[in-house]
There are 2 protein chains.
Amino acid sequence: MTYRLPSLNTLRVFEAAARHLSFKTAASELGVTAGAVSQQVKKLEASLGVDLFRRLPHGLLLTVAGETYLPKITQVFEDLSEATESIAPEINGRKFTIGVCDRALAVLPPNWPLHDDTLKAHVRDSVRTTDVELVRTDAIDCLIRLGGGPYGELALETIPTPSDTRQHTGEHPPELHFICKPGLADCRQSRAIVEDLRGHVVSRS
Amino acid sequence: MTYRLPSLNTLRVFEAAARHLSFKTAASELGVTAGAVSQQVKKLEASLGVDLFRRLPHGLLLTVAGETYLPKITQVFEDLSEATESIAPEINGRKFTIGVCDRALAVLPPNWPLHDDTLKAHVRDSVRTTDVELVRTDAIDCLIRLGGGPYGELALETIPTPSDTRQHTGEHPPELHFICKPGLADCRQSRAIVEDLRGHVVSRS
DNA sequence: TCGGAGACCTAGATATTCTGAGTCTCATCG
DNA sequence: CGATGAGACTCAGAATATCTAGGTCTCCGA
């Protein structure tokens, strides 16, 4: 079975970049640096042998090939996402119960996670806790802490806080940790929460 | 935009393994070891939180989840492949002109590449040569050599020959090199040729 | 003529993936 | 029965791929 398949990673990056028409914005959505986006897009273009973006002085534009490709790729991701959710039905559509520790709340907006309607759609409620055991026993779906670990079998996503260079010379910069069971690691709910965290962490004042 | 997306790599492995109902056969189709297949499948199962295969004493079976997933994933790959080919139209359907060096022919079946109907569908003709310049100037689409390199900008795929341990104690084991322009690296034609090579290399006698 | 924004480049760090060698279980065969 | 072979699995380390950090460049607007 021979398919022409670019790497999924480069396609995800392309999709985000094309949607925003900005490598920088795409980078922040994906939680990587702009350089990484630039590299992945270049790699995709090289592997296809076709340019997907026109780099103009003002900003980006899609080429004809890019315009043609984008909707198809978006569709592929939607199909894939749907197929994947269809075989993990117990997760599908369920709202998450989130655990958050006090130190994490300190770097998040007031009354997080209810500050934002998009996020609220994925959240049943949230409890103040720092206890990883609650994740293991399914009492909560995920836990958000500032630093800590290791967490053994559990899946961990790391969200850097805006580095406050005045305060953190030499010590570890503080990071948010998103912890859940491996099977929940990349479901919609988790991704929505992590994306929201990335967009809203603030430096401690 | 939040999707539930397992890594494409694990999905390709799953698709091949499910189609063959054998990790070993899948491994050889993909050109990797059986251990790698086992690991990727395990990783996919962990990330989904669902088993896809039932490991029986006799062999493999798909679980219900696996049965449900397989056709959808196959479809996704086909769509992706088609979308990708649609934006690189100059390649689409064209038959390749292949360059082969004598030393490579020595480890290939008699009258390769015309030994096999599947492969013939992708081949216009083949010429005896060892000159990488012909790839750069588009005189040929790809070149197959035994060893050599480096090839600069060109894309390289490596096909190990069955290791003949009696003869190669200490020296490099001979390898087939498939060389083409980056834009042709993962098109159907190239993949078909490489897959065929992997299946048919023999040890020099 | 600055200064900021954003794309790009390169080197080195980090993470992922693959290999290679060894283990285990079961099925087949003498 | 024990020997043999096939195939899945595991683990450490090697090979790749990917990301970061820091610097350059160009364009734009003040």
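Computed from heavy atoms alone, side chains included, the values below leave out hydrogens, waters and symmetry copies. If you're wondering where the values come from, they're calculated on a predicted model, not measured in any experiment. So that the names make sense, note that chain A is the first sequence line, chain B the second, and so on, each numbered from 1.
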| A:R55 side chain, from C-beta outward: closest of C:dA7, D:dA8, D:dC19 | C:dA7

| said: In this structure, how many angstroms lie between the P atom of D:dC9 and the CZ atom of B:R54, rounded? | reply: 14 Å

| query | Sequence neighbours excluded, which residues qualify as ring pair (Phe, Tyr, Trp, His ring centres under 6.0 Å) partners of B:F178? | reply | none

| field | Value in whole Å for how far the P atom of D:dT20 lies from CG of A:L30 | value | 10 Å

| task | Answer yes or no: is there an ion pair linking B:D138 with B:K181, defined by an N-O contact shorter than 4.0 Å? | result | yes

| Which comes earlier along DNA chain D counting from the 5' end, the contact point of B:S22 or that of B:Q39, where each point is its nearest nucleotide? | B:S22

| message | Checking A:H200 against A:D116: is there a side-chain donor and acceptor pair closer than 3.5 Å? | response | no

| task | Rounded off to whole Å, could you give me the CG-to-C1' distance for the B:L60 and C:dC26 pair? | result | 14 Å

| said: Let's see if you can work this out: which of C:dT19, D:dC19, C:dT17 has an atom nearest to the side-chain heavy atoms of B:T33? | reply: C:dT19

| task | Quick one: closest heavy-atom pair of A:R198 and A:T158, and the distance? | result | NH1-O, 3.5 Å

| request: Between D:dC19, C:dC8, D:dT18, spot the one nearest the side chain of A:S7, thanks. | output: D:dT18

| message | What is the distance, to the nearest angstrom, from the CG atom on A:D51 to the C1' atom on C:dA7? | response | 14 Å

| query | If only side-chain N and O atoms of B:S38 are considered, is one of them under 4.0 Å from the OP1 or OP2 phosphate oxygen of D:dA8? | reply | no

| query | Looking across every strand, which nucleic acid part, if any, lies under 4.0 Å from B:A34 by heavy atom: base, sugar-phosphate, or nothing? | reply | nothing

| task | For A:F23 and C:dG6, give me the distance from atom CZ to atom C1', rounded to whole Å. | result | 10 Å

| note | Here the distance between atom P of D:dC9 and atom CG of B:L56, to the nearest Å, is 11 Å

| Of all the choices, D:dC19, C:dT19, D:dT10, which nucleotide is nearest to the side chain of A:V32 once you look at every atom? | D:dC19

| field | Closest listed nucleotide, where the reference is the side chain of A:K42 and the choices are D:dA12, C:dC8, D:dT20 | value | C:dC8

